[in-house]
Amino acid sequence: MAFRPAKGEERHFCIDKEDHRGTVNQKGEMDMGYSKQDIIRMVREEDVKFIRMQFTDIFGQLKNVAITASQIEKAVDNQVMIDGSSIEGFVRINESDQYLWPDLDSFVIFPWRPQHGKVARLICDIHNPDGSPFVGDPRGVLKRALEKARAMGYDAFNIGPEAEFFLFQTDEEGKPTTKTNDEAGYFDLGPLDHGESTRREICLTLEEMGYEIEASHHEVARGQHEIDFKYAPALQCADKIMTFKLAVKTLAQKNGLHATFMPKPIFGINGSGMHTNMSLFRNGKNVFFDENGEKGLSKEAYAFIAGILAHMKGMTAVTNPLVNSYKRLVPGYEAPCYLAWSASNRSALIRIPAARGQATRVELRCPDPSCNPYLALAVCLAAGLDGIEKGMTPPAEITENIFAMTPETRRSRGIDALPGSLEEALGAMRADPLIKDTLGEHVFGQFLAGKEAEWDEYRTRVSSWEREKYMINY
C-alpha cells in the first residue's frame, strides 16, 4: 500500500531539492512531498527488500531496474545507472550511461508481492551523466508540455482516463488464447461475468495503492472490462495509467488469465479504447466552464476543442500507435472515426459530458490503452494550447449519428476522417510541426523510425486471412 507520514508528524519544507520537496495544489497551497529520509525510513520500517526503479520507453513499455534495500540511499541520491543503449529508441552505444532520478512521491509497496520481504517501486525520470534531463524520456516530454501550460498561466491539467481491457483464458502452457468462457455484455454481472472476481481484486488492490476507484464494469464485448479511477494531474495520471496496466496484467496472471490492452484482439466485436477526459485550471478554477457561455462552455474550451481537431491527424500515431489500433477505428463498433465534436453525440471524436462547473471537461474518444500515456497527454495538451494561443474556433457541433451519414453528407458537412492506417497516421504526424516540437527531435525521430519499421514488417507479412482467401482459388 502507499504510505504517508503519520498524522501530526512534524514536517519541514525547504526549496533545496536535495532535502524536502513540495508541489502546489489547485488551491495554491503547498502539498508536502516525501523526503529522502521518508523513503529510507519506510523501506526499513516496512521490511522492504527490493525496490523496482521504474521508467517507460518511447513506445510505452514499462522498464525497471531492481535494487535491494541496501542500495536505497544510493537510489534516492540519483546514483542508480542504466545502459540507455539497451533501451529501444534511447541512445547510441557511445552515449549509453544514464541515471535514474526517482520521483519520491511515487513510492508505493506492491500489495500483490509477498508481505514478508516486500517489494516497492519508485517511478523515475532519466537524466544524463551531467545531471541534465534526457531529451528522450517520455516523462520529460509531458513535463515540458506542462511547463508551457504554466507559462501561459494554467496551473493544472487534469486527466480522467477510461481504460478498457480483455481477460482471456490461457492454454495448458500458460499462453494466451482468445477464449473467455464469458457470455456477459455491457454492465452484466456474475454468474455471466466470469472475470468479475478478478476485476474486483484489481479494484481492491488499486485502492490499497492509493487509487480512488470511481467505477468498474463489464464492457460490451465478451471478456471485456473497464475500470475508471478518479482524475488526477496529468503527470500523476500518466504514472497511474502505467501502474494500472501493470496491476491488471499481474493480477490476471495470478488468477490464470491473460489481460491484454491490445486495441482490437478479436474481429467482429468492439475493441478497447481509453477515453481521455481533460480539464484545464487557472488559480484553482476550471477555465472550460462559463455559466454564461453557449452550452456552459468558455471561449477557451471551444479554442481547446478546435486545437485538438486541427492537430488530431498528426496526433493519431501517438494516441493510437499500433497497426492493430486502426482495426478498432472503423464504423460500427462505437469507436470514433470522424473529426467532429458534440455535447451529447457519442459518434463524435470529442464529446462534452453533461457535468458543468469544476467538473466541465473535454472527452477525447479515440485514444487506446496501448499508447504511451506521457506522449499522448503531451500532444493533447499541446494541441489544445495551440488552439487557445491562436484563438481557434471549432466547426459547428454535429448532433446526428455520423456513422449513419453517407460519404456525400459527411463531405458536405465538412466532416473529415481520422487516418485509416498506421502508415497514414505516420504521414500526418510527419507533416505536423507541432507534434515534432512537442515530442522533441529525438523522440519524434525515434518514434517515427520504430513505427515505420513496425508498419513495414506488417506490410510484408503474409497473414492467415490471405492464405484462407487465396490459397485455393489461385
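Counting only N and O atoms by type, the side chains of Tyr374 and Asp239 include a donor and acceptor under 3.5 Å apart. There is a side-chain donor-acceptor pair under 3.5 Å between Glu466 and Ser463. If you check the side chains of Gln224 and Asn270, you find no donor sitting under 3.5 Å from an acceptor. Looking at Thr243 and Arg121, their side chains do bring a donor and an acceptor atom within 3.5 Å of each other. Between the side chains of Ser279 and Asn286, not a single donor N or O lies within less than 3.5 Å of an accepting N or O.
Between Ile126 and Ile82, the closest side-chain pair of non-hydrogen atoms falls below 4.5 Å. Under the 4.5 Å side-chain criterion, counting only non-hydrogen atoms from C-beta, Arg365 is not in contact with Ile350. Looking at heavy atoms from C-beta onward, Asn324 lies out of side-chain contact with Arg328 at the 4.5 angstrom threshold. Using a 4.5 Å cut-off on side-chain heavy atoms (C-beta onward), Phe447 and His442 make no contact. Between Phe403 and Cys337, the closest side-chain pair of non-hydrogen atoms falls below 4.5 Å. Put simply, the side chain of Val119 does not reach to within 4.5 Å of the side chain of Ile109, judged on heavy atoms. Contact check for Lys148 versus Thr438: no side-chain heavy atoms found under the 4.5 Å cut-off. Taking 4.5 Å as the limit, every side-chain heavy atom of Leu100 sits out of range of all side-chain heavy atoms of Gln54.
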*Run the side chain to side chain contact (heavy atoms under 4.5 Å, CB included) check on Asp416 and Tyr338 step by step: do they pass?*
CA-CA 6 Å; Asp416 205 349; Tyr338 303 106; over 6 Å; no

*Just do the salt bridge (charged side-chain N to carboxylate O under 4.0 Å, His left out) check on Lys36 and Glu73 with the steps written out, would you?*
CA-CA 8 Å; Lys36 294 178 183 180; Glu73 292 188 28; over 6 Å; no

*Stepwise, does the salt bridge (charged side-chain N to carboxylate O under 4.0 Å, His left out) test hold for Asp137 with Lys143?*
CA-CA 10 Å; Asp137 180 12; Lys143 283 186 171 183; over 6 Å; no

*Take Thr260 and His258 through the side chain to side chain contact (heavy atoms under 4.5 Å, CB included) test and state the conclusion after the steps.*
CA-CA 7 Å; Thr260 182; His258 177 80; 4.1 Å; yes

_Stepwise side chain to side chain contact (heavy atoms under 4.5 Å, CB included) test for Gln169 and Thr180_ = CA-CA 6 Å; Gln169 294 178 313; Thr180 66; 6.0 Å; no

*Report the C-alpha separation of Leu104 and Val76 in whole Å, then their side-chain angles, then the decisive distance to 0.1 Å, and conclude whether the side chain to side chain contact (heavy atoms under 4.5 Å, CB included) test is met.*
CA-CA 8 Å; Leu104 303 185; Val76 297; 4.0 Å; yes

*asked:* Under the criterion salt bridge (charged side-chain N to carboxylate O under 4.0 Å, His left out), I'd like the reasoning laid out for Glu214 against Lys230: C-alpha separation, chi angles, the key distance, then a yes or no.
replied: CA-CA 6 Å; Glu214 294 191 325; Lys230 187 178 181 179; 5.9 Å; no

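Salt bridge absent: Lys74 and Asp77 never bring a charged side-chain N and a carboxylate O closer than 4.0 Å. Salt-bridge annotation for Lys49 and Asp47: present, with a side-chain N of the basic residue lying under 4.0 Å from a carboxylate O of the acidic one. With respect to the salt-bridge test (charged N to carboxylate O, under 4.0 angstrom), the residues Lys451 and Glu454 qualify. For the pair Arg351 and Glu363, the salt-bridge criterion is met [side-chain N within less than 4.0 Å of a carboxylate O]. Between Arg459 and Glu457 there is no salt bridge, since none of the side-chain N atoms of the basic residue sits less than 4.0 Å from a carboxylate O of the acidic one. Ion pairing of Lys179 with Asp171 is absent here, as no side-chain N (NZ or NE/NH1/NH2) approaches a carboxylate O to less than 4.0 Å. Contact check on Glu162 versus Arg361 returns no salt bridge, with no Lys/Arg side-chain nitrogen under 4.0 Å from an Asp/Glu carboxylate oxygen. Between Arg150 and Asp155, no side-chain nitrogen of the basic residue sits less than 4.0 Å from a carboxylate oxygen of the acidic one, so the salt-bridge criterion is not met. The residues Asp368 and Lys264 are annotated as not salt-bridged, no charged nitrogen and carboxylate oxygen being separated by less than 4.0 angstrom.
Atom CG in Leu280 sits 5.0 Å away from atom CZ in Phe288 (nearest 0.5 Å). Atoms CG and CG, from Asp57 and Asn372 in turn, are 7.5 Å apart once rounded to the nearest 0.5 Å. The distance from atom CE of Met262 to atom OG of Ser272, rounded to the nearest 0.5 Å, is 10.0 Å. Once rounded to the nearest 0.5 Å, the distance linking OG1 of Thr360 with CD1 of Ile352 reads 9.0 Å. To the nearest 0.5 angstrom, Phe304 atom CZ is 6.5 Å from Leu385 atom CG. Rounding to the nearest 0.5 Å places CD1 of Ile123 at 13.5 Å from CZ of Arg52.
Counted within 6.0 Å of CD on Glu207, heavy atoms from surrounding residues, nucleotides or ligands total more than 12; the atom is thus considered enclosed.
Asp456 contributes no side-chain N or O that, together with a main-chain N or O of Ala453, makes up a donor-acceptor pair within less than 3.5 Å. In terms of modelled atom types and a separation under 3.5 Å, the side chain of Glu164 and the main chain of Gly273 share a donor-acceptor contact. Formation of a donor-acceptor pair under 3.5 Å by the Lys63 side chain with backbone atoms of Phe55 is not found in this model. Of the possible donor and acceptor atoms, one in the side chain of Thr170 sits under 3.5 Å from a partner among the backbone N and O of Gly256. Judged by distance alone, the side chain of Asp432 and the main-chain N or O of Gly314 form no donor-acceptor pair under 3.5 Å. In this structure a side-chain-to-backbone donor-acceptor pair under 3.5 Å is present from Asn345 to Ile398. With Ser347 contributing its side chain and Asn401 its backbone, the two residues share no donor-acceptor pair below 3.5 Å. Judged purely by atom type and a 3.5 angstrom limit, Ser106 uses its side chain to pair as donor or acceptor with the backbone of Asp103. Formation of a donor-acceptor pair under 3.5 Å by the Asn320 side chain with backbone atoms of Cys366 is found in this model.
With sequence neighbours excluded, the residues that form a ring pair (Phe, Tyr, Trp, His ring centres under 6.0 Å) with Phe168 are Phe166.
Contact detail for Thr319 and Ala376: the closest heavy-atom pair is CG2-CB, 4.3 Å. The two atoms that bring Asp38 and Gly33 nearest to each other are OD2-O, 4.1 Å, heavy atoms only. In plain terms, the two heavy atoms of Cys380 and Leu364 that are nearest each other are SG-CD2, 3.7 Å. Pairing each heavy atom of Cys124 with each of Arg139, the nearest pair is O-CD, 4.1 Å.
Under the 30°/60° scheme for interplanar angles, the aromatic rings of Tyr458 and Trp455 are found to be tilted.
A distance below 6.0 Å separates the ring centres of Phe229 and Phe244. A distance below 6.0 Å separates the ring centres of Tyr470 and Trp465.
Applying the side-chain hydrogen bond (donor to acceptor under 3.5 Å, both in side chains) test to pairs two or more places apart or on separate chains, those with a residue in residues 418-430 are Arg430-Glu452.
With Tyr211 as the aromatic partner, Lys240 meets the cation-pi criteria of under 6.0 angstrom to the ring centre and within 45 degrees of the ring axis.
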